[in-house]
There are 2 protein chains.
Amino acid sequence: MDQWPHDISQAAFRKAWPLEGEPLWQRVYDTHRDKMQIKNLHIALPNLERIFTCTFQLANAKGFQAMSLRDLSRATGISMGGLYAYIGSKDDLAAAIEEVLRRTLDDVMSERKVLDLAPVQRLRAIIHGDLYMNDIMHPWYYFCYLEAKGLSREQREAAMQMELKFDARLLQTFEDGVAAGLFASDALALLAANTTAMLQQWYLKRWKFARSGTRVEDYARFVLDTTLRNLGYRPA
Amino acid sequence: MDQWPHDISQAAFRKAWPLEGEPLWQRVYDTHRDKMQIKNLHIALPNLERIFTCTFQLANAKGFQAMSLRDLSRATGISMGGLYAYIGSKDDLAAAIEEVLRRTLDDVMSERKVLDLAPVQRLRAIIHGDLYMNDIMHPWYYFCYLEAKGLSREQREAAMQMELKFDARLLQTFEDGVAAGLFASDALALLAANTTAMLQQWYLKRWKFARSGTRVEDYARFVLDTTLRNLGYRPA
DNA sequence: GTCTATATCTGGATAGAC
DNA sequence: GTCTATCCAGATATAGAC
C-alpha cells in the first residue's frame, strides 16, 4: 500500500477542493437555484456573492435576527425588492447557508483517498483537511454555529448528525489504530469528542488565535500531536 | 503547608458556593436592584426566578432576539406592563444575565484557598470547581455564549477578558508546575486554551454528554487526566 | 432584472386605571 | 404591584413601474 507520503499542505487542499471564488458561488447557485428568479449566471453569481458576504458581516456584527433586510439592502447596494429576486425569505437565506456548508462538508468528508489511509496518516489528513476547510469557509461555520437556533428542526437535526458523524469517523480511526497496536486509551469516545472540539476552536476562537499569532499549520500540528499523545502513540 | 487533601466533591462545592435557589435570586436582585421598581423581596424574588428561568427556556428554544416579550409574558404569567416593573428593557434583561454570571464567576475564580495550592492540586481544584459551576449555572453560561452578539461592546469585551483571565490562571499553574519540575511542554499557551475549551464543552455540548451518559465527575477526571498527560506529568 | 412605493403586521415600550 | 389598552417605530414582504 503506497499510502505515504500524502500531501497535507494547505496548497494541495485548495487545489483539490475549490471552495473559494467562482466555484463556491456556482455551488451556492446550484443548491439555491429553485429559490431564485435570476437565471443569468453573469448577473446572479456576483450578486449572490455580495448578498452572502454582507450577510456574514452583518450577522457577525449584530446577529442574524438583529440584522434587518434593510441593513442588508444598504450593505449590498441591492434594493429591498431586488433582494427578493435572490432569496425566498429571510429565513430562507439562513437555511441556504446551512445547506451549502453541510453539503460541501459532506463531500469533503467522504473523500475515499483519505478513508483508505493507515490510522496515523488518516488522522493527519482528517485534521489538516478539516482545519483548512474551517479556515477557508470560516464565516459559514461561524454563522451555522451561532445561528443554529434560528434554523428549522430538520436543519438543526442534520447539523447535529453531521457532528456525530465526524466524531464517529475519528473514533473509527482511533479504533483502527488500537486494533493495529498503535494506540491505547480507555476513553476513546471522549478523546474523539475532544479532537472535534479542538478543531472547532479554529472558527469559534479566531480572536484568540489572531492575538497569539498562531497559524493554521501550527495549530494543525498541535492538534495532531496532542491527539496522538492522548492516544499513547509513540513514533517508531 | 497543609494543602492536601482538598475536598473536590460536588457536594463540597455546592456547600461553599450557594448558586441555586434563594441565594441565587438574592444575588440577581442585588446586582439588578436599580432597574427594578419592586422593593418587597417576598414578591420580587419569586418573580425574578420566573422571569429569568422562562427567558432561558425561550432563548434556548428560539434565541433571545426571536423571543418576544409577549412570549415571555405568556410563559411567566406576568403581563407586559408587569414585566417592566422588573426589567428596564429587553436588552437590559440580557445585560443582567451576563452581569450576574460574570460577577459570580469572578468571585469563584478569586478564591484564595485554591490559588495557594500546589500545581497539580490547584489544577484539580480549578477543573472540578469550574465544571461544577458550569453544571449548576448551565443556562446562564449557555445564554451568554450564544447571545454574546446582542450585548453591549463593554460587556462583550468583559466576557472576552474573563476567558483570557481563565486561560492565564491555567497557564500560571502550568508554569508553576514547570518551575517545580513536574510538567514539561513546548506549547503551554495552546494547552491552556485547550483545557478551557474542554471545560466549555460541558455547557456547549450538553446533548452529547447526555447521549453518552457521561456524568460531571467522570468528565472532570477525564479533563484532569488529559491535561496532565499533555503536560508530561507522571505521578510519583 | 431592478427599483420605488406601499401594504401589513409585529414587537418594544408606556400611560393610567385599579 | 399588576393589569389593560394603546402608541408607534421598524420589520418583512409584495405590487407594479421602468
Side-chain angles (χ1 to χ4, degrees), chain A residues 25 28-29 32-52 54-55 58-59 61-97 147 149-152, chain B residues 25 28-29 32-52 54-55 58-59 61-97 147 149-152:
Chain A
W25 305 114
V28 172
Y29 179 86
H32 193 54
R33 188 198 313 257
D34 50 326
K35 301 285 171 45
M36 292 181 47
Q37 295 161 25
I38 316 298
K39 300 301 169 194
N40 184 337
L41 281 179
H42 295 289
I43 293 173
L45 295 194
N47 280 336
L48 277 178
E49 174 167 4
R50 291 234 293 288
I51 292 170
F52 279 71
C54 291
T55 299
L58 290 165
K62 44 162 62 176
F64 182 72
Q65 292 277 354
M67 168 199 96
S68 72
L69 290 186
R70 279 184 174 82
D71 292 334
L72 186 58
S73 166
R74 207 175 316 120
T76 56
I78 301 169
S79 67
M80 288 287 295
L83 285 179
Y84 277 88
Y86 290 88
I87 59 172
S89 70
K90 192 187 174 187
D91 285 350
D92 180 63
L93 174 56
I97 293 172
E147 307 294 346
K149 291 261 178 292
L151 299 173
S152 72
Chain B
W25 305 114
V28 173
Y29 179 85
H32 194 54
R33 189 199 312 258
D34 50 327
K35 301 284 171 43
M36 292 180 47
Q37 294 161 25
I38 316 297
K39 299 302 170 192
N40 185 337
L41 282 180
H42 296 289
I43 292 173
L45 295 194
N47 280 337
L48 277 178
E49 174 168 3
R50 291 234 294 286
I51 292 170
F52 280 70
C54 290
T55 299
L58 289 165
K62 44 160 68 174
F64 182 72
Q65 294 277 356
M67 168 197 94
S68 73
L69 289 186
R70 283 181 172 79
D71 292 334
L72 185 58
S73 167
R74 206 175 316 120
T76 56
I78 301 169
S79 67
M80 286 288 293
L83 284 178
Y84 276 88
Y86 291 87
I87 59 172
S89 70
K90 191 187 175 187
D91 285 350
D92 179 64
L93 174 56
I97 293 171
E147 306 295 345
K149 291 262 177 290
L151 299 173
S152 72

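None of the values given here were measured: they were computed from a predicted structure. Letters go in sequence order (proteins before strands), and every chain restarts at 1.
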When rounded to whole Å, the CZ to P distance for the pair B/Phe64 and C/dG12 reads 9 Å
Distance below 4.0 Å between B/Asn47 side-chain N/O and D/dG1 OP1 or OP2:
no
* Asked: With a 4.5 Å heavy-atom cut-off, do B/Leu72 and B/Leu93 have their side chains touching?
  -> yes
Rounded to whole Å, the CD1-C1' distance (A/Ile78 to C/dT2) equals 10 Å
When rounded to the nearest 0.5 Å, the distance separating OH of B/Tyr86 from OG1 of B/Thr76 is 10.0 Å
Out of C/dG12, D/dT2, C/dC3, minimum distance to the side chain of B/Ser79 belongs to D/dT2
Residues B/Gln65 and B/Glu147: closest non-hydrogen pair is N-OE1, 4.4 Å
The nucleotide from D/dT12, C/dA13, D/dG1 with an atom nearest the side chain of B/Lys39 is D/dG1
Here the distance between atom P of D/dA13 and atom OH of A/Tyr84, to the nearest Å, is 4 Å
A/Asp91 CG to D/dA13 P, in whole Å, measures 7 Å
request  = Answer yes or no: is there a side-chain heavy-atom contact under 4.5 Å between B/Asp92 and B/His32?
outcome  = yes
Margin query: Please classify the nucleic acid contact of A/Met36 as base, sugar-phosphate, or nothing, using heavy-atom distances under 4.0 Å.
Written below: nothing
Just checking A/Gly88: base, sugar-phosphate only, or nothing, at a heavy-atom cut-off of under 4.0 Å?
nothing
Side-chain contact check for B/Arg70: nearest option of D/dA13, C/dT2, C/dG12 is C/dG12
Separation of D/dT2 atom P from B/Arg74 atom CZ, nearest Å, is 20 Å
D/dT2 OP1/OP2 closer than 4.0 Å to side-chain N/O of B/Tyr86 = yes
Between CG of A/Leu72 and P of D/dT12 the distance, given in whole Å, is 9 Å
Winner on side-chain proximity to A/Ser68, out of D/dG1, C/dA13, D/dT12, is D/dT12
Query raised in the report: Can B/Lys90 be said to sit on top of B/Phe64's aromatic six-ring, NZ or CZ under 6.0 Å from centre and within 45° of the ring axis?
Result: yes
Per atom distances to the B/Lys90 side chain, the nearest of C/dG1, C/dT2, C/dA13 is C/dA13
Rounded to whole Å, CE of B/Met80 lies from C1' of D/dC7 at a distance of 12 Å
B/Gln37 atom CD is separated from D/dC3 atom P, nearest whole Å, by 13 Å
